[in-house]
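The first residue in the sequence is number 1, and the count goes up from there. The structure displayed is predicted, hence computed values, not measured ones.
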Amino acid sequence: MIFLDHAATTPVRREALEAMWPYLSGAFGNPSSSHGLGDEAARALAAARAAVAAVVGRRPGDVVFTSGGTEADNLAVKGLSLANPRGRHLVVSPIEHEAVLESAAYLARVHGFEVSAVEVDAGGVVRPEALAQVVRPDTTLVSVQFANNEIGTVQPVAELAAIARAAGALMHTDAVQAAGWLPLSLDALGVDALSLAGHKVGAPKGTGALIVRGRLPLEPVLHGGGQERGRRSGTENVAGAVAFATALRLAESERADAATRVAALGARLTQSVGNGVPGATLTGDPVDRLPGTVSFVFPGTSGEAVLLELERDGVVCSSGSACAAGSDEPSHVLTAIGIPAELAQTAVRFTLGAETTADEIDAAGASVARAVSAVRGIVA
């Protein structure tokens, strides 16, 4: 199998499994318990928190462990907006992950917020001047993801955060796809909150974090025993936090080399598909994009049919966001950047990982040409 769906999930790293195992077996205590087992779990949780904080350049107390990126996005959008009500206006990009878009829609529906979608260009980039036209004196929060999960476009987050800050608004970025590929310094990005998910960097599913700047008020989404400094109730997943911190730390230590190597492989696949498939069109910004994300539309096909042909060939990829798999609707990301709905249905996304090889890329490129040709023959 040639696995080119790393944006959906990544294989769990052995180091993460080995790090978490003691907290699933002998050291299984509740970190809130006031005995030896609880103390051991609490120390492990504190060490994991410090490791995550080091990657983003913040204090351990800024780290809120969550069940993944979706919860982190929900907590950021709802929690920051409700706890810092300088107004009832939110700004999001139209290509955000559903976790952000649905959270904003909830605030509009239940709490009376107004939501504005800032314009993106044909590559999916939010330009600072476009954001400047949308923010208002009553804007509470701007949420723009660091890198898109479908087309790989990387946003000028630091510039956008400066616009938000000048308007007096808070800035959140969903950095789930950026982890392991781009620097995650909260201060360098200028954001107030940043979302992460463990299973995108080699940790198990069900792990993640929201990084919140300093003592910024945050209304909890989950209510209960007041864990995570009252910001996220529920007994902490100690083993998951340890695994997530281990995987994130390793991904960060390997980031520069991995990004350079994978960018070359991504360019190699882009060239192979562009040469081998007439009419293939790369989606997303051609320059400001994640190194391992290669997304095409193939006119005259069905994206799902191409996926089936590729899987028969041993190539595993996707037609877009894994969270929207099975939907009959065209990708909201692709339609937002001006791709017609019918053409958007022909999209196929290839996302490479740190272990992807040149031989796999060459084989995949040849498979894509065969698959598209076969589907076009059927459609015709």
Side-chain angles (χ1 to χ4, degrees), residues 69-121 123-178 189-197 210-212 216 218-219 221 284-285 320-321 323-324 329 331-338:
T70 290
E71 186 188 343
D73 282 345
N74 273 256
L75 182 55
V77 175
K78 297 174 185 175
L80 290 173
S81 298
L82 293 174
N84 300 275
R86 65 186 298 272
R88 280 289 190 270
H89 181 237
L90 305 176
V91 178
V92 298
S93 88
I95 64 171
E96 295 300 300
H97 189 278
E98 289 86 349
V100 166
L101 296 178
E102 290 301 318
S103 292
Y106 163 82
L107 289 173
R109 185 174 65 252
V110 177
H111 294 280
F113 280 76
E114 181 184 352
V115 181
S116 296
V118 61
E119 181 180 305
V120 295
D121 66 17
V125 177
V126 177
R127 300 296 175 187
E129 56 271 23
L131 180 60
Q133 293 177 359
V134 177
V135 293
R136 309 186 319 213
D138 62 338
T139 302
T140 292
L141 178 72
V142 175
S143 183
V144 177
Q145 63 190 167
F146 198 177
N148 186 263
N149 51 304
E150 292 190 35
I151 57 178
T153 294
V154 174
Q155 302 291 356
V157 172
E159 296 177 58
L160 300 177
I163 298 293
R165 188 165 54 249
L170 299 176
M171 179 77 185
H172 163 253
T173 191
D174 175 345
V176 166
Q177 294 294 340
L189 291 171
V191 299
D192 298 290
L194 180 150
S195 301
L196 297 169
L210 177 67
I211 319 301
V212 183
L216 195 62
L218 186 71
E219 179 68 24
V221 173
D285 192 272
S321 171
C323 297
E329 295 299 316
S331 161
H332 73 280
V333 173
L334 297 182
T335 55
I337 63 174

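The shortest non-hydrogen separation linking His332 to Pro94 is CD2-O, 3.2 Å. Closest of all the heavy-atom pairs between Ala164 and Val142 is CB-CG2, 3.9 Å. Contact detail for Leu80 and Ala193: the closest heavy-atom pair is CD1-CB, 3.7 Å. The minimum heavy-atom distance between Ser143 and His172, with the atom names listed, is OG-ND1, 2.8 Å. Closest approach of Gly69 to Val176, counting heavy atoms only: CA-CG2, 4.0 Å. Contact record, Ala76 with Leu141: O-CD2, 4.1 Å, taken as the closest heavy-atom pair.
For the pair His111 (side chain) and Phe113 (backbone), a donor-acceptor distance under 3.5 Å is absent. The backbone N or O of His89 sits nowhere less than 3.5 Å from a side-chain atom of Arg136 that would complete a donor-acceptor pair. The main-chain N or O of Lys78 is never found under 3.5 Å from a side-chain atom of Glu219 such that the two would form a donor-acceptor pair. A donor-acceptor pair under 3.5 Å is formed between the side chain of Thr140 and the backbone N or O of Gly87. A donor-acceptor pair under 3.5 Å links the side-chain atoms of Asn148 to the main chain of Ile95, judged by distance alone. Side-chain atoms of Arg86 come within 3.5 Å of backbone atoms of Pro137 as a donor-acceptor pair (strictly under, hydrogens ignored). Judged by distance alone, the side chain of Ser195 and the main-chain N or O of Leu210 form no donor-acceptor pair under 3.5 Å.
How far CG of Leu82 is from CG of Leu107: 5.5 Å, rounded to the nearest 0.5 Å. Distance check: Asp73 CG to Leu101 CG gives 9.5 Å after rounding to the nearest 0.5 Å. Taking CD from Gln145 and CG from Leu194, the interatomic distance works out to 12.0 Å, rounded to the nearest 0.5 Å.
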Donor-acceptor contacts, no H, no angles, side chain residues 123-131, under 3.5 Å, sequence neighbours left out:
| residue | atom | partner | partner atom | Å |
| --- | --- | --- | --- | --- |
| Arg127 | NE | Asp121 | OD2 | 3.0 |
| Arg127 | NH2 | Asp121 | OD2 | 2.8 |

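No more than 12 heavy atoms of other residues, nucleotides or ligands sit less than 6.0 Å from atom CD of Glu119.
One side chain, Ser103 or Asn74, offers a donor N or O that lies under 3.5 Å from an acceptor on the other.
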> Please walk me through it: do His97 and Thr70 pass side-chain contact (heavy atoms from CB on, under 4.5 Å)?
Replying inline: CA-CA 9 Å; His97 189 278; Thr70 290; 4.2 Å; yes
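Considering only heavy atoms from C-beta on, Phe146 stays 4.5 Å or farther from Val191 through its side chain.
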